[in-house]
K.L.:
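Dumping the structure here so I can ask a few things about it.
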Amino acid sequence: GQEPVTIAVVNARVWTGDARRPWADAIAVRGERIAAVGSSAEIRKLAGGAELIDAQGQMVVPGFIDAHVHFLDGGFRLSSVQLRDARTPEE
């Protein structure tokens, strides 16, 4: 079976990033992932016993995470031994 929805956010202004449907009213979250995006009524039905957050019209957007490596610096770091946590010469 599928895990239950853990958090539902309703009455929001959700930017989806999807050109076909750029805005929605609510989201359902299952664990660490968005499970559904839709109207507040649709998401309330999915929510079950989940924590329900009324956003009171506030905006919800995806998190933006910048995870990148500079090629030369990252390569040099991978080719060396990390000894910062070593407590003795043997380690």
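The model shown is predicted, which means the values in this text are computed figures rather than measured ones.
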K.L.:
In the structure I gave you, are the side-chain heavy atoms of V60 and Q58 within less than 4.5 Å of one another anywhere?
P.N.:
no

K.L.:
Would you list the atom pairs, donor with acceptor, under 3.5 Å between side chains in residues 23-39 and any protein atom, with sequence neighbours excluded?
P.N.:
unit_1, atom_1, unit_2, atom_2, d
R30, NE, E3, O, 2.5
S39, OG, E42, N, 3.0
S39, OG, E42, OE1, 3.4

K.L.:
How long is the straight-line distance from CD1 of I43 back to CD1 of I7, given to the nearest 0.5 Å?
P.N.:
13.0 Å

K.L.:
By the salt bridge (charged side-chain N to carboxylate O under 4.0 Å, His left out) test, which pairs, at least two apart or in different chains, include something from residues 44-62?
P.N.:
none

K.L.:
Backbone N or O of R21 within a donor-acceptor pair of the T16 side chain at under 3.5 Å?
P.N.:
yes

K.L.:
Going only through I, L, V, M, F, W and Y residues with side-chain contacts under 4.5 Å, is there a path from I53 to V14?
P.N.:
yes

